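The sequence lines fix the lettering, A, B, ..., with proteins before strands; numbering per chain opens at 1. Only a predicted model underlies this, so the values are computations on that prediction, with no experimental measurement involved.
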Amino acid sequence: MDYHPQELDRKWQQRWAASRAFEVTEDPSRPKFYCLEMFAYPSGHAHVGHVRNYIIGDVVARTKRMRGYNVLHPFGWDAFGLPAENAAIKGGLHPDVSTRSNIAHMKGQLQRLGISYAWERELATCDPEYYKWNQWLFIRMFEKGLAYRRRSSVNWCPSCNTVLANEQVVDGGCWRCGTPVETRDLEQWFFRITAYADELLGDTATLTRWPEKVLTMQRNWIGRSEGARVRFPLERKVEGAGAAADAIEVFTTRIDTIHGATFVLLGPEHPLVAAMAGQSPDPASFRRQAQAFRTQDRAARISGEIEKQGFDTGFRAINPFTDEPVPIWVANFVLGEYGTGAVMAVPAHDQRDFEFARKFNLPIRVVVTPDGRPLPAASLTEAAEAYGTLVDSGPYSGLGSAEAQARMTAAMRERGLAEATVQYRLKDWGISRQRYWGTPIPMIYCEKDGIVPVPDEQLPVVLPKVAQFSGRGDSPLAQVPEFVNVSCPTCGGAARRETDTMDTFVDSSWYFYRFADPRNDGMPFDPAKVKYWLPVDFYSGGVEHAILHLIYSRFFARVFRDLGLVDHSEPFAQLLTQGMVLKGGAVMSKSKGNVVDPDTMLQKYGADALRLYVMFVAPPEKEVEWNDAGLEGSFRFLARVWRLVDHWCETVGGEGVGSPDDCRELNPAERAVRRKAHDTIRRVTADIEERQQLNTAVSAMMELVNDLYAFSEQTVTGAPGRRADEDVDRAGVIERREAICVVREALEALVRMLSPFAPHTAEEIWERLGHAQPIAEAAWPAFNPEVAKAEEIVVPVQVNGKVRSRLTVPAEVSERELERLALADPAIQSYTSGKTVKKVVVARGRLVSLVVQ
RNA sequence: GCGGAAGUGGCGGAAUUGGCAGACGCGCUAGCCUCAGGAGCUAGUGGCCGCAAGGCCAUCGGGGUUCGAGUCCCCGCUUCCGCACCA
């Protein structure tokens with residue numbers, strides 16, 4: 001009987017579907033396990049890079065199921081997004097049509113791979129039944145002040161006359177037409193993620209089962225720094241600057257250096273800049289320079305080095321410690337969005353300020369030295385950024401930096417000029433998109449009542465079917481009058497809907513909760529169901545989501561928690577970031593034309609060979625280069641297992657073959673095979689469950705198969721696959737019942753361990769071995785540590801660090817006996833005779849090391 | 001520039017607690033089987049010396065700790081990733 005995997009794929013996929021094998025409900029009597037792979041953007045075709053992630057998750061899910069867990073393993077579609085809309089603009093299908101057909105195709109691909117999803121829980125974020133709850137949650141956040149509206153700058157393409165997302169700005173220009181991108185101020189909706197900044201940062205310490213790399217990236221992204229806000233009063237008021245007219249507030253982490261602050265720098269976006277321009281001798285030139293900095297910023301940042309530029313505003317501020325007036329400049333490297341958008345410049349102790357001062361001939365004053373002695377400013381070749389002892393700092397001279405910071409902040413605080421603060425790099429999350437294919441933001445603007453949420457009972461605000469996608473103008477929804485024009489829920493008067501849609505990262509920030517209760521039409525989910533299933537026990541996906549998706553999801557978990565819907569803070573207990581699959585050294589992509597299509601591989605080798613290969617080729621987190629020959633090797637292994645079973649099937653498959661435990665006595669070869677089988681169970685279990693080293697789990701099984709071949713070779717039947725000789729009658733020649741029991745035990749363990757990797761082949765073999773129940777419902781094999789233990793071990797003996805002999809000894813040999821045997825070994829004595837053994841180190845069960853002189 | 005990870009045969013990779021480096025697979029070589037082999041089975045396969053027994057060298061390079069280092073420490077090189085004027 002030859003191995004024809006394609007037939008097995010079909011047969012078992014149909015059976016699993018018919019028996020609803022992977023559908024689950026809450027069952028308090030069993031431990032639960034929530035296994036989740038990041039859901040997919042339905043681009044149309046999954047390539048083997050995507051598929052790797054689903055296979056990893058499936059191996060984990062299938063293993064956990066066999067180990068007695070109630071396993072939730074769902075899948076869904078991150079179905080809103082730009083590519084579908086852009087295709088429509090280019091004259092393609094409506095996003096709704098193309099998305100549905102892409103989903104259908106990709107779902108088929110996953111099903112052909114035999115991934116054990118609970119398909120009845122499938123969801124797509126473009127379904128109104130799903131995005132209704134985005135809107136519901138948005139309104140709850142609005143009520144709590146976590147969603148708010150303010151002006152902010154966005155990327156604007158003057159040629160296409162539209163807003164661009166950050167990722168659509170390529171080298172400072174529009175991705176479509178190349179026109180340099182401008183910044184524009186627009187009203188935008190924001191989520192107040194910064195309210196949770198400290199918590200999101202601090203709780204990274206609790207994520208012990210996340211990769212350190214991801215935690216580091218998140219910590220850096222949040223970017224907490226402690227310092228002080230200090231007010232530098234203006235020498236004279238700036239007309240037309242409103243409340244901010246009488247002082248510049250700066251943020252500094254080095255208030256200890258403030259006596260060396262010889263000028264103040266404003267970012268070009270700072271509100272005072274515009275006001276100062278109006279009062280300068282040449283307002284037009286002033287504005288032109290400031291505007292140049294703002295547009296330059298983005299383009300220059302890409303080229304890496306930005307030359308420091310600036311100009312004097314002509315205004316001066318008073319250093320609150322020295323009471324001296326210092327010039328105010330506008331500088332291109334001061335960021336408008338960070339801190340207060342203004343800094344005090346201390347050229348002696350900050351490298352950026354140092355370069356700026358040297359370039360524009362501004363004064364440099366040393367106020368911190370390593371030893372408390374003056375340091376001539378003229379001798380500096382770079383800024384002295386280290387902490388030290390203060391000098392030339394009035395009453396604070398002689399203090400250490402840390403103590404000075406505390407005292408100086410306190411002193412200024414009394415005068416109302418400073419305040420200790422914590423600053424974050426993390427900014428509030430702007431979620432408005434001037435796009436069609438996303439969740440409509442459920443807000444209404446009324447002249448009389450202002451911003452009014454759509455009442456809950458009117459949700460969802462359904463995305464209208466738009467016929468034309470021109471790609472021009474503002475949000476496509478604004479061009480649909482029957483969508484825009486609405487009556488105000490408060491006063492009933494004429495009002496206007498919000499026409500922006502939500503960032504698609506909103507959709508993906510909570511879908512893992514919805515899987516726990518995907519058809520609920522009264523709430524986003526039943527808290528009891530989420531309490532049973534969540535947090536996700538095992539989450540895997542690409543490292544490219546290390547910051548965005550994973551930080552947003554952590555934020556949403558806290559929002560749900562504070563709404564009383566969930567009782568945890570962290571949604572993902574364990575995170576695995578799987579490596580990409582490369583072809584020709586590059587990440588697979590349609591545009592590069594280097595995608596490997598799983599369906600082609602399936603037709604040739606079957607789903608199991610593909611699954612096995614992808615697991616065997618490298619540990620899951622590692623990047624791998626696709627290799628057809630390797631896939632063929634995995635196919636060969638499965639065929640080899642198949643032949644092995646074929647060879648033994650009649651002999652061991654019958655009734656009444658008992659356990660080796662009931663056999664009177666096993667011969668050495670039988671004991672060795674049995675030991676190997678039990679030790680393989682131990683290794684494979686640990687590799688999957690503890691180490692997540694799926695590649696070594698596969699190689700352990702390959703070793704067992706090799707040993708079973710060798711054992712078969714030793715019996716009179718010969719090795720499987722070798723053509724039966726005329727003089728050997730294959731069937732029935734094995735007279736040792738013990739051998740039959742041992743082989744049966746080994747095969748049954750092997751096929752169960754193999755089943756998460758190669759489920760179709762395993763099911764078929766299981767059935768051939770006489771089992772009526774599917775292997776997916778079988779229990780994971782157990783091992784007996786006593787049997788798994790080696791009876792005899794080989795212990796190397798080193799002389800002066802080199803292996804000179806090997807002793808074969810009983811496993812339980814004592815250290816003293818080992819030492820005696822080593823010294824008595826003839827091969828060793830040739831190295832020790834006539835010399836002194838100065839030291840003997842015995843690592844029991846491992847090695848003996850002699851130092852000889 | 002800063003931060004992180006990594007560097008092991010011809011290739012992918014293994015080495016679990018500091019204890020036999022190279023498991024397992026690919027590729028390659030030989031034998032068997034065969035009308036045939038790009039199938040299968042068996043054996044071999046880090047380099048150098050040697051008929052062999054055996055010896056020497058070997059985990060990016062250089063030092064160190066240790067009876068013993070791929071693994072720990074220091075210096076350097078290379079690659080990949082992340083951040084990149086965050087005051």
Side-chain angles (χ1 to χ4, degrees), chain A residues 2 211-214 216-217 219-221 223-225 227 250-254 257 265 267 297 300-301 304-306 308 331-335 337-346 349-353 355-356 423-427 543-544 546-547 613 616-619 621-634 636-637 639-640 643 683 686-687 690-691 693 695-703 705-706 709-710 712-713 718-723 725 794-804 806 827 838-852:
Chain A
D2 288 338
E212 199 53 43
K213 174 195 172 95
V214 173
T216 304
M217 284 168 71
R219 288 178 189 129
N220 292 341
W221 185 260
R224 183 182 201 271
S225 58
V250 303
F251 173 73
T252 179
T253 56
R254 291 298 304 273
T257 65
L265 296 172
D297 203 20
R301 204 166 275 167
E305 281 289 298
I306 302 176
K308 289 184 175 48
N332 62 341
F333 65 90
V334 176
L335 304 170
E337 326 96 46
Y338 185 76
T340 61
V343 299
M344 66 177 207
V346 185
H349 305 294
D350 180 284
Q351 185 59 25
R352 295 156 300 185
D353 299 343
E355 288 167 24
F356 196 83
Q423 190 64 43
Y424 297 95
R425 219 181 67 110
L426 179 73
K427 289 177 224 138
V543 73
E544 66 272 18
I547 294 178
Y613 166 64
F616 176 60
V617 67
E621 327 76 57
K622 248 194 103 129
E623 245 174 29
V624 294
E625 175 72 23
W626 179 261
N627 177 7
D628 284 341
L631 173 58
E632 208 165 311
S634 292
R636 278 208 289 266
F637 170 71
R640 200 166 144 84
R643 282 191 300 275
R683 284 171 64 189
D687 281 352
E690 290 152 35
R691 305 203 311 150
Q693 289 257 106
N695 55 329
T696 50
V698 176
S699 59
M701 288 187 275
M702 288 173 166
E703 284 183 45
V705 170
N706 289 346
Y709 265 69
S712 307
E713 175 81 359
R722 172 170 290 183
R723 204 149 299 206
D725 298 336
V794 178
V795 176
V797 182
Q798 293 184 344
V799 178
N800 291 341
K802 289 188 194 299
V803 177
R804 298 300 184 185
R806 292 183 170 83
K838 300 205 65 159
K839 189 168 181 181
V840 182
V841 179
V842 182
R844 207 172 85 85
R846 291 190 190 271
L847 101 172
V848 178
S849 180
L850 307 177
V851 185
V852 170

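- Nucleotides of RNA chain B nearest to N220(A) and F251(A) differ in position, and the one nearer the 5' end is that of N220(A).
- For D628(A), the side chain to side chain donor-acceptor pair (under 3.5 Å) partners at least two apart in sequence or on another chain are W626(A).
- A search for salt bridge (Lys or Arg N to Asp or Glu O under 4.0 Å) contacts involving R691(A) returns D687(A), not counting sequence neighbours.
- Applying the side-chain contact (heavy atoms from CB on, under 4.5 Å) test to A686(A) and every residue at least two apart in sequence or in another chain returns E690(A).
- Among residues two or more places apart in sequence or in another chain, the side chain to side chain donor-acceptor pair (under 3.5 Å) test is passed with E212(A) by R219(A).
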So which protein nitrogen or oxygen atoms get under 3.5 Å of nucleotides 4-10 of chain B's nitrogens or oxygens?
none

N/O-N/O pairs, protein side and nucleotides 22-29 of chain B side, under 3.5 Å:
residue	atom	partner	partner atom	Å
A23(B)	O2'	E703(A)	OE2	2.8
G25(B)	OP1	N706(A)	ND2	3.2
C26(B)	OP1	R636(A)	NE	3.3
C26(B)	OP1	R636(A)	NH2	2.8
G27(B)	OP2	R636(A)	NH2	3.0

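- By the salt bridge (Lys or Arg N to Asp or Glu O under 4.0 Å) test, D350(A) is found to be paired with R352(A), residues two or more places apart in sequence or in another chain being considered.
- Contact annotation: R254(A) side-chain N/O to C86(B) OP1/OP2 distance is not under 4.0 Å.
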Which pairs, protein N/O on one side and nucleotides 65-69 of chain B N/O on the other, fall under 3.5 Å?
residue	atom	partner	partner atom	Å
C67(B)	OP1	K839(A)	NZ	3.0
C67(B)	O2	S849(A)	OG	2.6

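- Under the rule for a salt bridge (Lys or Arg N to Asp or Glu O under 4.0 Å), the partners of K427(A) that lie at least two apart in sequence or sit in another chain are E337(A).
- Applying the ring pair (Phe, Tyr, Trp, His ring centres under 6.0 Å) criterion to W221(A), with sequence neighbours excluded, gives no partner residue.
- Relative to the six-membered ring of F333(A), K308(A) meets both conditions, a distance below 6.0 Å and an angle of at most 45° to the axis.
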Close N/O contacts between protein and nucleotides 53-62 of chain B (under 3.5 Å):
residue	atom	partner	partner atom	Å
G55(B)	OP1	R804(A)	NH1	3.3
G55(B)	OP1	Y831(A)	OH	3.0
C56(B)	OP1	R804(A)	NH2	3.3
C56(B)	OP2	R804(A)	NH1	3.4
C57(B)	OP2	K802(A)	NZ	3.2

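- F616(A) is linked by a ring pair (Phe, Tyr, Trp, His ring centres under 6.0 Å) to nothing, counting only residues two or more places apart in sequence or in another chain.
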